[in-house]
Undergrad: 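There's a structure below that I have some questions on.
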Amino acid sequence: MAELLKERSQKEIRGNIDIVQKRWEDIDIQKDLTPPYDLVIASYSLVMPDLKQAIENMQKVCSGEIWLFWMAGMNSSENQMKKLWPVIHEKSFTSPPKADVLFNVLYQMNIYPNVSFTEMGHVKSFSSIEEAVEETRKKLNCSPDYDNQIKELLLPDLVSQDGKYINQERYKSVCFTWKNKA
């Protein structure tokens, strides 16, 4: 996404754009940024120990709008984890925080954002079922001993097309936007 933004900004956008590929909790405002910014965007990057502090840092450097993109609800990959995790790890799967958590943090900070939802899709292609199983095994952090269970779960979700296996991920995305008052 950063490469596409860089490309498009050079061709189409007038003005300065700073692309900082760091987690908000790792940013040193003095060294990494040159505020004030008219727009701050955090896209699917808000899994952090101190979400409130990250938002406060965004507000410190923003003189315009802040846009935060995050997921709502379980996606198909998380649904797979929910089925397999207990089999492999003997405990239930815990999904990462969703948009409701982000909204509650904003609300507690007296930020009342505009909220919009979008249906998103992501297509992942595998050259073989074994490649799909291997990638899933890495996500599960397990040994090849579980390959048969993984394969059984994955097969119904994969579409065979031109000798490849396609996983069509669907999920809801949420965009929170607000004009910063700082």
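Start at 1 with the first residue, then count along the sequence.
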Undergrad: Drop me the distance from Leu106's CG to Phe176's CZ, to the nearest 0.5 angstrom.
TA: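 So the CG of Leu106 and the CZ of Phe176 are separated by 6.5 Å.
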Undergrad: Does this structure show an ion pair linking Lys82 with Glu78, if we count only N-O contacts that are shorter than 4.0 Å?
TA: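 Looking at Glu78 together with Lys82, the answer is no, because their closest N to O distance does not fall below 4.0 Å.
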Undergrad: Assess whether a salt bridge exists between Glu56 and Lys60, defined as any Lys/Arg side-chain N lying under 4.0 Å from an Asp/Glu carboxylate O.
TA: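 No, Glu56 and Lys60 are not salt-bridged.
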Undergrad: To the nearest 0.5 angstrom, please state how far the CD atom of Glu135 sits from the CD1 atom of Ile150.
TA: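 So the gap between those two atoms works out to 11.5 Å.
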Undergrad: Please assess Asp157 against Ser76 for the test side-chain hydrogen bond (donor to acceptor under 3.5 Å, both in side chains), listing each intermediate value before the final yes or no.
TA: CA-CA 9 Å; Asp157 293 338; Ser76 55; over 6 Å; no
Undergrad: Hey, does Asn110 have a side-chain heavy atom less than 4.5 Å from the side chain of Lys181?
TA: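 Counting from C-beta outward, Lys181 and Asn110 never come under 4.5 Å.
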Undergrad: Just so I know, are the side chains of Thr136 and Leu153 near enough to count as touching, which here means a heavy-atom distance under 4.5 Å?
TA: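 Not touching, per the 4.5 Å side-chain cut-off.
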Undergrad: Hey, can you tell me if Phe69 and Tyr44 have their rings parallel, tilted or perpendicular (30° and 60° cut-offs)?
TA: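 Phe69 and Tyr44: tilted rings.
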Undergrad: Same cluster or not: are Met74 and Met120 linked, directly or through other Ile, Leu, Val, Met, Phe, Trp or Tyr residues, by side-chain heavy atoms under 4.5 angstrom apart?
TA: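 No, Met74 does not connect to Met120 through the hydrophobic network.
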Undergrad: Are any non-hydrogen side-chain atoms of Ile166 and Ser125 less than 4.5 angstrom apart?
TA: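 They are in side-chain contact.
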Undergrad: Find out if a path of hydrophobic residues (ILVMFWY) with successive side-chain heavy-atom gaps under 4.5 Å connects Leu51 to Ile41.
TA: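 Yes, same cluster.
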Undergrad: More than 12 heavy atoms of other residues, nucleotides or ligands under 6.0 Å from OH of Tyr112: yes or no?
TA: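 Above 12, so yes.
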Undergrad: Any chance NZ of Lys172 has more than 12 other-residue heavy atoms, nucleotides or ligands included, within less than 6.0 Å?
TA: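 For Lys172, atom NZ is not crowded (no more than 12 foreign heavy atoms under 6.0 Å).
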Undergrad: With a cut-off of 6.0 Å (strictly less than), are more than 12 heavy atoms of other residues, nucleotides or ligands near CD of Gln30?
TA: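 No, the 6.0 Å shell around CD holds no more than 12 heavy atoms from other groups.
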Undergrad: Rounded at 0.5 Å granularity, tell me how far CE in Met71 sits from CG in Leu102.
TA: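 If I round to the nearest 0.5 Å, the distance is 11.5 Å.
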Undergrad: Do the side chains of Val101 and Leu68 join up, straight or via other hydrophobic residues, at under 4.5 Å, putting them in one cluster?
TA: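 Different hydrophobic clusters.
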Undergrad: Check this for me: Trp67, atom CH2, are more than 12 non-hydrogen atoms of other residues, nucleotides or ligands nearer than 6.0 Å?
TA: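 No, not enclosed.
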